[in-house]
Amino acid sequence: MRHSRILGTGSCVPPRVISNDEVSQWVRLDPEAIFRRTGIRTRCWATEDQTPSILAEEAAHQALKAAGLPASAIDAVLVSTTSPDTVIPSTACHLVRRLGVKSSASFDLAASCSGFLYGLFLADSMIQCGLSHRCLVVAAEVKSRFLDLKDESTAILFADGAGAVVLVGEEAREPVRSGLLGVRVYADGSRHDLISLPAGGSRQPATPQTVLDQLHCIRLNGGPLFRVAVKRLATAVQDILKEFGLDMGDITQTVFHQANGRLLAALQKRLQIPPQKLYSVIERFGNASSASLPIALDHAVREGRIVPGDLVLLGAFGGGLTWATALLRW
């Protein structure tokens, strides 16, 4: 039987740093009020010439270097994004062109902020059934181009960036010393209205009027979204721990989607996670949607907060609604 493990991680955030001082000029909040509400002091936004595939390329190169593999060794490329370079072709195809990879299975997936874990779930499934051997899973977002800068519920939150992992298949041995133990994914479309981007699809195609009405901007209903996110993700974490006969005391490090500081604090309290076991980069990088979790994971690895043998718990929640958890031995 085969299992998969993460062989390398990488990340990329744009060089343009947007401080709360700058954001406060657009919304009716002062810099400290923004920090109290979000836990964010700075976020990174793409420059005019940067697209998700460009950010993804840098994150992918870092992950491949950490894995000690050339791009040509990859046989599947999965890209999570809800801010693609283009609708056609996929951002994954733009990425493999930039990497010089040919004849690999390459496609995008859209699961909002849970997209990286959905990608990990798919790549792991492909490896376990023998369809792939080395997968590149990337989440890349440029959400700054979909913001109404006068909407304080979104303008203060969202950021751009990319994170990547190289997932490789190995023959399972007992006991399993490292690897992905399990990924669990969920969705509830009945709450789709809590976070959305109304126009631009076939339901409401782009017109001069949709642009004028700012219907191509992210909208979210913050209060209800916060409550359902805490409840659903906390339950999912408890479920995966129970499934594997573990409790939070067994976990070395947790890395969640960096939605905002209040959500992370609520999860920490509900799940009784010790502060040293909850890794966060929200203060520096903001909410980069599906890219935020792999960005945080890469920084945790490079800072030595995650080392071989550690039991790591991952979790994410996003629009759709979607949510997911993963458990792995590093």
Side-chain angles (χ1 to χ4, degrees), residues 14 16 18-31 33-34 37-38 40 43-55 79-91 94 108-115 139-161 187-229 257 259-260 262-263 286-292 317-322:
R16 183 186 174 196
I18 306 296
S19 69
N20 286 350
D21 288 328
E22 186 170 351
V23 176
S24 69
Q25 299 174 31
W26 310 321
V27 298
R28 296 171 297 176
L29 295 168
D30 64 51
I34 293 172
R37 181 180 290 194
T38 65
I40 300 168
R43 73 283 292 145
C44 297
W45 284 4
T47 56
E48 289 185 2
D49 61 340
Q50 288 180 312
T51 63
S53 68
I54 291 174
L55 302 178
V79 175
S80 164
T81 186
T82 47
S83 51
D85 285 41
T86 54
V87 176
I88 302 172
S90 69
T91 300
H94 285 297
D108 287 0
L109 57 102
S112 191
C113 301
S114 307
E141 305 281 7
V142 176
K143 285 296 170 67
S144 61
R145 293 184 188 145
F146 299 90
L147 296 178
D148 173 358
L149 296 184
K150 294 182 180 180
D151 178 5
E152 64 185 42
S153 67
T154 56
I156 62 178
L157 281 177
F158 286 100
D160 305 333
D188 178 6
S190 69
R191 308 303 302 275
H192 65 92
D193 57 329
L194 293 182
I195 180 167
S196 63
L197 200 159
S202 58
R203 175 181 290 183
Q204 194 169 7
T207 66
Q209 191 61 47
T210 63
V211 174
L212 185 65
D213 293 340
Q214 294 189 309
L215 297 179
H216 300 270
C217 296
I218 302 167
R219 302 297 178 190
L220 63 84
N221 192 343
L225 183 64
F226 175 85
R227 290 189 290 273
V228 72
H257 162 49
N260 63 61
R262 290 176 58 243
L263 178 63
N287 179 345
S289 190
S290 70
S292 76
F317 187 94
L321 297 174
T322 62

Legend entry - Given Thr82, Asn287, Thr81, the one that forms side-chain hydrogen bond (donor to acceptor under 3.5 Å, both in side chains) with Lys143: Thr82
Legend entry - Residue pairs passing the side chain to side chain donor-acceptor pair (under 3.5 Å) test where at least one lies in residues 212-223, sequence neighbours excluded: Asp148-Arg219, Asp151-Arg219, Gln209-Asp213, Thr210-His216
Inset, instruction - Find out whether Leu321 and Leu225 are in side-chain contact, i.e. whether some heavy atom of one side chain is under 4.5 Å from a heavy atom of the other. - result: yes
Inset, instruction - Supply the atom-to-atom distance Leu147 CG to Trp26 CH2, rounded to the nearest 0.5 angstrom. - result: 9.0 Å
Inset, instruction - Please name all residues satisfying side chain to side chain contact (heavy atoms under 4.5 Å, CB included) with Arg262, sequence neighbours left out, ordered by chain then number. - result: Phe226, Asn260
Legend entry - side-chain hydrogen bond (donor to acceptor under 3.5 Å, both in side chains) partners for Thr38, two or more places apart: none
Legend entry - Qualifying residues under side chain to side chain contact (heavy atoms under 4.5 Å, CB included), relative to Ala46, sequence neighbours excluded: Pro14, Gln50, Val142, Arg145, Asp160
Legend entry - Candidates Ser292, Ser80, Ser290 - the one meeting side-chain hydrogen bond (donor to acceptor under 3.5 Å, both in side chains) with Glu141: Ser290
Legend entry - Donor-acceptor pair, side chain of Ser112 and main chain of Gly318, under 3.5 angstrom: no
Inset, instruction - Please name the pair of heavy atoms, one in Phe317 and one in Ala229, separated by the smallest distance, quoted to 0.1 Å. - result: CD2-CB, 3.5 Å
Legend entry - Heavy-atom check, side chain of Phe146 versus side chain of Thr154, under 4.5 Å: no
Legend entry - Distance in Å, Ile40 CD1 paired with Phe158 CZ, rounded so as to fall on 0.5 Å steps: 9.0 Å
Legend entry - For Thr86, side-chain hydrogen bond (donor to acceptor under 3.5 Å, both in side chains) partners two or more places apart: His94
Legend entry - Minimum-distance pair of heavy atoms, taken over all atoms of Pro198 and Cys217: CD-O, 3.5 Å
Legend entry - Which atom of Gly161 lies closest to which atom of Ala291, heavy atoms considered: O-CB, 3.4 Å
Legend entry - Heavy-atom closest contact (Pro31 atom, Asn20 atom, distance): O-ND2, 3.3 Å
Inset, instruction - Locate the shortest heavy-atom distance separating Pro52 from Ala140; write the atom from each residue and the value. - result: O-CB, 3.4 Å
Inset, instruction - With rounding to the nearest 0.5 Å, note down the distance linking SG in Cys44 to CD1 in Ile18. - result: 8.5 Å
Inset, instruction - Only counting residues at least two apart or in another chain, list the ones meeting side-chain hydrogen bond (donor to acceptor under 3.5 Å, both in side chains) with Thr91. - result: none
Legend entry - Which residues share a side chain to side chain contact (heavy atoms under 4.5 Å, CB included) with Ala33, sequence neighbours left out: Leu29, Asp30, Arg36
Inset, instruction - Taking salt bridge (Lys or Arg N to Asp or Glu O under 4.0 Å) as the test, write out the residues that go with Asp188, two or more places apart. - result: Arg232
Inset, instruction - Determine whether Ile34 and Ser24 make a side-chain contact, defined as any pair of heavy atoms from C-beta on separated by less than 4.5 Å. - result: yes
Legend entry - Non-neighbouring partners of Glu48 that pass side-chain hydrogen bond (donor to acceptor under 3.5 Å, both in side chains), sequence neighbours left out: none
Inset, instruction - Search all heavy atoms of Ser289 against all heavy atoms of Cys113 and return the closest pair with its distance. - result: OG-SG, 3.5 Å
Inset, instruction - Starting at CG of Leu157, measure out to CD1 of Ile218 and round the result to the nearest 0.5 Å. - result: 9.5 Å
Legend entry - Residue pairs fulfilling salt bridge (charged side-chain N to carboxylate O under 4.0 Å, His left out) with at least one residue in residues 190-206, sequence neighbours excluded: none
Inset, instruction - Please answer whether the main-chain N or O of Trp45 pairs with a side-chain N or O of Ser144 as donor and acceptor at a distance below 3.5 Å. - result: no
